[in-house]
Chemist: 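Okay, here's the structure, questions in a sec.
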There are 2 protein chains.
Amino acid sequence: MAERPRRRIPEATVARLPVYLRSLVELAGDRVSTTSSERLAELAGVNAAKVRKDLSYLGSYGTRGVGYDVEYLLFQVSRELGLTQDWPVVIVGAGNLGAALANYGGFGDRGFPVVALFDSDPAKIGTTIAGVKVLDQRDIPRVVQASGVAIGIIATPAPVAQDVADLLAAGGVRSILNFAPAVLTVDPSVSVRKVDLAVELQILSFYQQRGPNQAVGS
Amino acid sequence: MAERPRRRIPEATVARLPVYLRSLVELAGDRVSTTSSERLAELAGVNAAKVRKDLSYLGSYGTRGVGYDVEYLLFQVSRELGLTQDWPVVIVGAGNLGAALANYGGFGDRGFPVVALFDSDPAKIGTTIAGVKVLDQRDIPRVVQASGVAIGIIATPAPVAQDVADLLAAGGVRSILNFAPAVLTVDPSVSVRKVDLAVELQILSFYQQRGPNQAVGS
DNA sequence: GGAGCCTCGTGCATCCGTTCACAAAGTCTA
DNA sequence: TAGACTTTGTGAACGGATGCACGAGGCTCC
């Protein structure tokens, strides 16, 4: 057997792996031991051919005539996504959104423990939100470096987002999840993903205005 | 002149129009009256050819040798996105996320007034969050229909997301923004967009584990 | 052991989106 | 008015993603 297929996995496939993962967790919770690409497709909201092609990039983990072993596939997808280890995160911006994210327990449980919150407001610095201390924004590089934080979440107003991104990068963060409505410029070695509320609503507005088209998106 | 070009606008272009819109608002705020595709591309974080092709789907609004009139283009993009009118929204789920969304003023200002919050918890029903009354989830169809709500935002736990989506659809909502980590099944006439925190973090985890690739995405 | 059935894995055609490169069309200067 | 310069709008080539359709491989039952 080849030790590791090492095929390059298309970006579109990577984006779907977490959805398959969730479907597999659900199946495992229902004590299902084996599943088909058809069933997985149904749970993930895609078509079966796509499921098979996506999974084939990870290796040949199915059995023809039978399907996929849920537990085994679960492990393989987790490993491929790098979820066999924890990735500590920090949240910058302790406003409404930052606080909601910190309170949303789903992170720590799933391998993304929140190790610190940052803000620039002296009134907030020193308080505790969801069991996490709020620190001074200026300490980002030091804390991030000291704690080996891999992922930074930006939940600040747009005007300071770029400065925050620079601070995170200075501390050695290699991935940023940006909630601020601003385009970030970072070193190509840093991965950035953007979540923008206003943009999503405006896209819906477009299709609302038009006829009954459908728009499904990430 | 053709009354309306009425070309079909590609999905990828629609997703970028809000970003151009924001860039144009920024330029207008700086009292810039004319801009080039080059400059717009820089602000939006894409390349200039893409800007020109995207804008060309709306019509021929630029002037060769000069560029685009900021105010005029701003209006055209707004109109194309259906932002010349307000789209009332409701938020379902008055937990951390729902409350944060309601408190985040950016909605109402930008043409998406929050007309109601819904929850199933009797302890929350009747309270007021960010000036909006929390109503009983079971009243969704009635309230939505009565207020002509176009867009529903789902900020509930995953297990009830599908039920909520059905209630929204029953009330005549034609667009749904789904924050719950669940795949929704709805009539094709309803547009659904999904924002999933865990998925975003897991995608970052993948690239984190791999070499220094970059992943930019919405 | 063989026939029939099931489901994966994948080659191939197609579609959508991106990018290049250039003609068209306008401005500005002399 | 002519000629140089600027920037748009778009045809065409390219690349990535999708979906079909089918061969390969494995199971079950007689």
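Letters A, B, ... are given to chains in the order of the sequence lines, protein chains preceding strands, and every chain is numbered from 1. Nothing here was measured: the structure is a model prediction, and the numbers come from that model.
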Chemist: Taking only the side-chain nitrogens and oxygens of A:Tyr61, find out if one of them lies under 4.0 Å from OP1 or OP2 of C:dT7.
Modeler: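 The answer is no; no side-chain N or O of A:Tyr61 sits under 4.0 Å from OP1 or OP2.
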
Chemist: Rounded to the nearest Å, what distance is computed from the CD atom of residue A:Glu11 to the P atom of nucleotide D:dG15?
Modeler: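 Roughly 17 Å, once rounded to whole Å.
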
Chemist: Let me know the distance between CZ of B:Arg39 and C1' of D:dT6, rounded to the nearest Å.
Modeler: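 Whole-Å distance recorded here is 18 Å.
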
Chemist: Counting side-chain heavy atoms from C-beta on, which of D:dA17, D:dA24, D:dG26 comes nearest to A:Thr63?
Modeler: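 My answer, after comparing the listed nucleotides, is D:dG26.
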
Chemist: For residues B:Leu74 and B:Ala28, report the shortest heavy-atom separation together with the two atoms involved.
Modeler: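 Distance-wise, the nearest heavy atoms are CD2-CB, 4.1 Å.
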
Chemist: Quick one: pull up CZ in B:Phe112 and CG in A:Leu197 and give me the separation to the nearest 0.5 Å.
Modeler: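 These two atoms lie 10.5 Å from each other.
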
Chemist: Please give, in whole Å, the distance from C:dT7 P to A:Leu55 CG?
Modeler: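 For the pair A:Leu55 CG and C:dT7 P, the rounded distance is 16 Å.
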
Chemist: Name the closest nucleotide to the B:Arg64 side chain, picking from C:dG9, D:dG9, C:dT18.
Modeler: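 Taking heavy atoms from C-beta onward, the closest nucleotide is D:dG9.
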
Chemist: So, for B:Val183 and A:Leu43, which heavy atoms are closest and what is the spacing to 0.1 Å?
Modeler: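 Heavy atoms of B:Val183 and A:Leu43 come nearest at CG2-O, 3.4 Å.
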
Chemist: Could you tell me whether the phosphate oxygens of D:dT8, OP1 or OP2, come under 4.0 Å of any side-chain nitrogen or oxygen in B:Ser37?
Modeler: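 Answer yes for this pair, as a side-chain N or O of B:Ser37 is under 4.0 Å from OP1 or OP2.
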
Chemist: Side chain of A:Asn47: nearest nucleotide among D:dT10, D:dA17, D:dG19?
Modeler: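 Closest of the options to the side chain of A:Asn47: D:dG19.
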
Chemist: Please state how far atom NZ in B:Lys53 lies from atom C1' in D:dG11, giving the value in whole angstrom units.
Modeler: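 About 7 Å, once rounded to whole Å.
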
Chemist: Is the phosphate of D:dG16, meaning OP1 or OP2, less than 4.0 Å from a side-chain N or O of A:Tyr57?
Modeler: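 Looking at the OP1 and OP2 atoms of D:dG16, neither is under 4.0 Å from any side-chain N or O of A:Tyr57.
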
Chemist: Using every non-hydrogen atom in the two residues, find where A:Gln202 and B:Leu81 come nearest and quote the distance to one decimal.
Modeler: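 Smallest heavy-atom distance, with atoms named: O-CD2, 3.9 Å.
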
Chemist: Find which nucleotide of DNA chain D each of A:Ala12 and B:Gly65 is nearest to by heavy atoms, and output the residue with the more 5' nucleotide.
Modeler: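 It is B:Gly65, whose closest nucleotide lies nearer the 5' terminus.
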
Chemist: Examine D:dT7: is either OP1 or OP2 under 4.0 Å from a nitrogen or oxygen in the side chain of B:Ser36? Give yes or no.
Modeler: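 B:Ser36 to D:dT7 OP1/OP2: no side-chain N or O under 4.0 Å.
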
Chemist: Could you give the CD1-to-C1' distance, from B:Ile9 to C:dT18, as a whole number of Å?
Modeler: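 For the pair B:Ile9 CD1 and C:dT18 C1', the rounded distance is 18 Å.
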
Chemist: Would you indicate, yes or no, if D:dT18 has its OP1 or OP2 atom less than 4.0 angstrom from a side-chain nitrogen or oxygen of A:Lys50?
Modeler: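 Affirmative; the distance criterion is met.
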
Chemist: Distance check needed: D:dT8 C1' versus B:Leu40 CG, whole Å only.
Modeler: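 Rounding to the nearest Å, CG of B:Leu40 and C1' of D:dT8 are 13 Å apart.
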
Chemist: Atom CZ of A:Arg52 and atom C1' of C:dC12: how far apart are they, to the nearest Å?
Modeler: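 Going from CZ in A:Arg52 over to C1' in C:dC12 covers 15 Å.
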
Chemist: Compare side-chain N and O positions of B:Arg16 against OP1 and OP2 of C:dT18 and report whether any pair is under 4.0 Å apart.
Modeler: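 It does, given that an N or O in the side chain of B:Arg16 lies less than 4.0 Å from OP1 or OP2 of C:dT18.
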
Chemist: Decide yes or no for B:Leu24 and B:Leu40: does some side-chain heavy atom of the first lie under 4.5 Å from some side-chain heavy atom of the second?
Modeler: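 Answer yes - side chains close enough.
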
Chemist: Send over the distance from B:Asp54 CG to C:dT18 P, rounded to a whole Å.
Modeler: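 That distance rounds to 7 Å.
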
